[in-house]
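Just below is one structure, and these are the notes that go with it.
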Amino acid sequence: MAQQISLTFPDGNSRQYNEGVTPADVAASIASSLAKKAISATVDGEHWDMAWPIKTDSTIAINTMKDEAPAVELIRHDLAHIMARAVQEIWPSTQVTIGPVIKDGWYYDFDRKEPFTPDDLGTIEKKMKEIINKRDEVRTEVWDRDVALKYYEDRCEPYKVELINGIPGDEPLRMYWHGDWQDLCRGPHLQNTGQVPGDSWKLMSIAGAYWRGDSNRTMLQRIYGVAFQNKEQLKAHLHMLEEAAKRDHRKLGREMDLFHMQEEAPGQIFWHPNGWLIYTQLQDYMRRKQRGGGYVEVNTPQVVDRKLWEQSGHWEKYQEHMFIVEVDEEHAREKSINALKPMNCPCHVQIFNQGLKSYRDLPLRMAEFGSCNRYEPSGALHGIMRVRGFTQDDGHIFCTEDQIEEETLTYIEFLTSIYRDLGFENFKVKFSDRPNTRSGSDEVWDKAETALLAATRKAGIEPELNPGEGAFYGPKLEFVLTDAIGRDWQCGTHQVDFVLPERLEANYIGSDGEKHRPVMLHRATLGSFERFIGILIEEHAGKLPFWLAPRQVVVASIISDADDYVREVVALLKAVGVRAEADIRNEKINYKVREHSLGKVPVILACGAREVEEHTVSVRRLGEKQTSVTTLTAIIDSLKTSVTPPDLL
RNA sequence: GCUGCUGUAGCUCACUGGCAGAGCACUCCCUUGGUAAGGGAGAGGUCGAGAGUUCGAUUCUCUCCAGCAGCACCA
């Protein structure tokens, strides 16, 4: 007689089953219609295959296609396998590797001599639909390690062999069969391939990806797909991508005439007047905020002798990524070798080191809008978000170990208020702790990690953990924003550093009269102006807050008899600090409205005979269809307020 | 850096082994108008750079450069 176990259903009722009962049995015991519709179960909170036996008392919920999270998970997961099978059926010599579920879909990595072409995606999709239509049963088998290894060795699938060797010995090796095609997989899966909706997914792109994410190993070919519960959701997703493409900062940068880049200076930006206005507005704002936050602003050299980089340790580690400047000095024995500064910290320590510092000087908050140049790998460059020449809103806080927590908390609040002002209420915070290779004792790391975490939580933020991702010199917090299509970009950062003060021999005199080593906190709020402006453009789809908009108001004449009045209005607006321009071209008002709307000008003031007569303007705000007629004095008052940056309101 | 794709007018993109094309933008003319494109004319190009194949290359091949997607990297 089998052992009985008790399963509790979502409605709170329990029933007894034999130990080893599967969710499929359970569903069948409830109703045959449920057994038919079931796709998986949630057992004690875990996503459970219909075929896996349940051994202990548990809670259980049977999932159907109507349960979004499990349904989408299984659809994507099974599609990964179906795609791999399709590829192997079309090109049998292709080797399969791994194919996980990711946001919005899945990918699968293949090793095949010939590159996949965009046309191949159509061929693969067709084959996948055939497989779905076959409604092949999905079966699980648990294999012995030897059998599995032999199976894959015989089939010349070295990647699978390596995967099996990486799975701990006590874990079962599950093989999933989709008809007569089989793949090593943790599961769970659907019951049959026909449960995947035929029209709710699409293959998107082909790209290269290193086996196991290691750039020393083979480059595989990755195919990405997206999948959803139904056709409508797929359509909505594809539509979202189209809309997101319109917000791309590279496109808007051109349309709004903000900046350009060209071959002669890859990864560097030619800022046009409109773009530079955003930049300087933002810089002015940051300068005021930093002063308010107790920072002293400094400026340091661009070209610095390699000796300093050797001392700081950057030469050894990052030489390849530095712009080297060699200078032949007269009478010198050898060329002097310098580097464009890739970062500001060593220079800031030089300022700290001038004169003796007392514990009374700490914490010392030093800020610089520091122009840096890094020779970033060509493949890393991306619009103005990842560039080779950029300016950080950099800052270094020299403090004692005991001050780390308080300085961190103060800083998080500082950053939060800035992000809020700039329209980012929500952002990700990631906490990266000690990496395997690191400097400093475990005691110091303990203290720093505890301080960072405690400060973050005091600020009401529970950070995501990035285990082992800290810098070699200390743990860090990253403040991450996302672009139009959801890619993550690290903007703000806050890092503890025990190493640099040591290497550059920074010290201060403590209350005991002895020399002590300060701790350095590296922090940047925007990160770089370049990246942040890129994000800002995408976040606002080019419709920047009024105070940041490069072109704020266009005063447009409807008839040329209004030209003088237009000039007068522009002059009055300029007098109160509004960036206003006249459009008295010989064009129709429709034409002007369209052009300035596309140029993302927040306010268009149209003036015709009536407005001249009544001393009013017709106001049209960006994104609104209707217009309103307002007196000249009223609009000037209102725009005068709008032009004020948020920190001065 | 790696894999794949792309590079033609300021922008978006056609076409082609034998005189280089469109729309928008630009300049000029006509039009004075009421909230997302009024009409006409004109100008604009070493077809990313270099080499090769060819009678002839923007087109085919190779190398390089740059961009795009992803991977790796991001002090």
Side-chain angles (χ1 to χ4, degrees), chain A residues 107 109 114-118 120 204-224 248 250-251 254-255 257 260-267 309 312-322 341-346 372 374-383 385-388 390 392 469 471-473 476 478 485 487 489-490 493 495 497 499-500 522 527-528 531 556-563 584 586-599 604-611 618-629:
Chain A
Y107 67 75
D109 288 347
E114 299 297 312
F116 292 116
T117 67
D120 290 340
M204 300 297 283
S205 60
I206 308 153
Y210 296 110
W211 169 234
R212 305 219 125 176
D214 182 343
S215 58
N216 295 314
R217 306 199 64 180
T218 317
M219 173 142 293
L220 306 167
Q221 296 188 65
R222 175 172 295 179
I223 301 179
Y224 285 93
D248 189 304
R250 292 164 294 192
K251 182 174 157 71
R254 196 166 46 239
E255 289 170 0
D257 195 13
H260 86 273
M261 305 176 87
Q262 63 187 51
E263 259 187 57
E264 289 79 358
W309 307 115
S312 71
H314 292 105
W315 188 262
E316 190 193 358
K317 205 158 181 227
Y318 290 106
Q319 196 189 145
E320 298 299 308
H321 299 285
M322 285 159 92
K341 78 173 164 188
M343 54 183 344
N344 309 297
C345 8
C372 296
R374 295 181 185 174
Y375 189 76
E376 299 283 11
S378 56
L381 302 179
H382 182 94
M385 308 262 236
R386 183 85 182 264
V387 286
R388 288 183 177 154
F390 55 96
Q392 296 176 317
E469 292 293 310
F472 72 93
Y473 51 73
K476 64 178 174 184
E478 287 172 38
I485 65 169
R487 286 178 288 218
W489 294 91
Q490 182 203 306
T493 183
Q495 314 183 6
D497 187 348
V499 175
L500 200 62
H522 305 252
S528 77
R531 175 175 295 179
S557 56
I558 297 170
I559 48 164
S560 50
D561 282 346
D563 289 357
I584 52 174
N586 176 13
E587 294 292 351
K588 293 201 166 159
I589 192 64
N590 293 24
Y591 183 93
K592 295 181 182 180
V593 165
R594 177 183 150 84
E595 187 176 287
H596 301 308
S597 298
L598 289 173
I604 299 171
L605 303 180
C607 304
R610 213 155 50 221
E611 285 77 15
S618 162
V619 185
R620 180 181 171 122
R621 290 181 190 272
L622 185 59
E624 293 175 10
K625 276 228 157 73
Q626 78 279 17
T627 59
S628 61
V629 175

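This one's a predicted model, so the numbers in the text were calculated from it and none came from an experiment. What you see below is based on every heavy atom in this structure, not just the backbone, and it leaves out hydrogens, waters and symmetry mates. Below, chains carry the letters A, B, ... as their sequence lines are ordered, and counting in each starts from 1.
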- Message: Determine whether a donor-acceptor pair (one donor, one acceptor, N or O, separation below 3.5 Å) exists between the side chain of Tyr210(A) and the base of G70(B).
- Response: no
- Sugar-phosphate, base or nothing in reach of Pro115(A), heavy atoms under 4.0 Å: sugar-phosphate
- Quick one: is G67(B) close enough that its OP1 or OP2 comes under 4.0 Å of any side-chain N or O from Arg250(A)? no
- Task: Could you check whether the rings of Trp489(A) and His382(A) sit parallel, tilted or perpendicular, using 30° and 60° as the cut-offs?
- Result: tilted
- Which part of the nucleic acid does Ala609(A) contact within heavy-atom distance under 4.0 Å: base, sugar-phosphate only, or nothing? base
- Message: Mind checking if Gly383(A) touches a base, just sugar-phosphate, or nothing, with heavy atoms under 4.0 Å?
- Response: sugar-phosphate
- Task: Have a look at C19(B) and give me syn or anti from its glycosidic angle (syn if within 90° of zero).
- Result: syn
- Just checking Leu598(A): base, sugar-phosphate only, or nothing, at a heavy-atom cut-off of under 4.0 Å? base
- Item | Asp248(A) bridged to Arg250(A) by N-O distance under 4.0 Å | yes
- Message: Please classify the nucleic acid contact of Phe472(A) as base, sugar-phosphate, or nothing, using heavy-atom distances under 4.0 Å.
- Response: nothing
- Phosphate OP1/OP2 of G70(B): any Arg487(A) side-chain N/O under 4.0 Å: yes
- Message: Within the 4.0 Å heavy-atom criterion, would you say Glu611(A) contacts the bases, only the backbone, or no part of the nucleic acid?
- Response: base
- Quick one: does Arg386(A) reach the base of C73(B) with a side-chain donor-acceptor pair under 3.5 Å? yes
- Message: With a 3.5 Å limit on both atom pairs, tell me what C68(B) is paired to, counting Watson-Crick and G-U wobble, or say none.
- Response: G4(B)
- Message: So if I take every side-chain heavy atom of Ile558(A) and compare against C26(B), A75(B), G34(B), which nucleotide ends up nearest?
- Response: G34(B)
- Does G4(B) have OP1 or OP2 sitting under 4.0 Å from an N or O in the side chain of Arg222(A)? no
- Measure from the side chain of Tyr591(A), starting at C-beta and using heavy atoms only, and say which of G38(B), A75(B), A66(B) lies closest. G38(B)
- Looking at Ser378(A), does any N or O in its side chain come under 4.0 Å of the phosphate oxygens OP1/OP2 on G1(B)? yes
- Picking from G34(B), U12(B), A69(B), which would you name as closest to the side chain of Ile589(A)? G34(B)
- Query: G1(B) phosphate, OP1 or OP2: any side-chain N/O from His321(A) under 4.0 angstrom?
  - Reply: no
- Message: Under 4.0 Å, counting only non-hydrogen atoms across every strand here, what does Arg254(A) touch: a base, just sugar-phosphate, or nothing?
- Response: sugar-phosphate
- Task: Using only side-chain N and O atoms of Tyr375(A), determine if any of them is under 4.0 Å from OP1 or OP2 of A75(B).
- Result: no
- Using a heavy-atom cut-off of under 4.0 Å over every strand shown, decide if Ala606(A) touches base, sugar-phosphate, or nothing. base
- For Arg620(A), which contact category applies under a 4.0 Å heavy-atom criterion: base, sugar-phosphate, or nothing? base
- Task: Assign Gly313(A) to base, sugar-phosphate, or nothing according to its heavy-atom contacts below 4.0 angstrom with the strands shown.
- Result: nothing
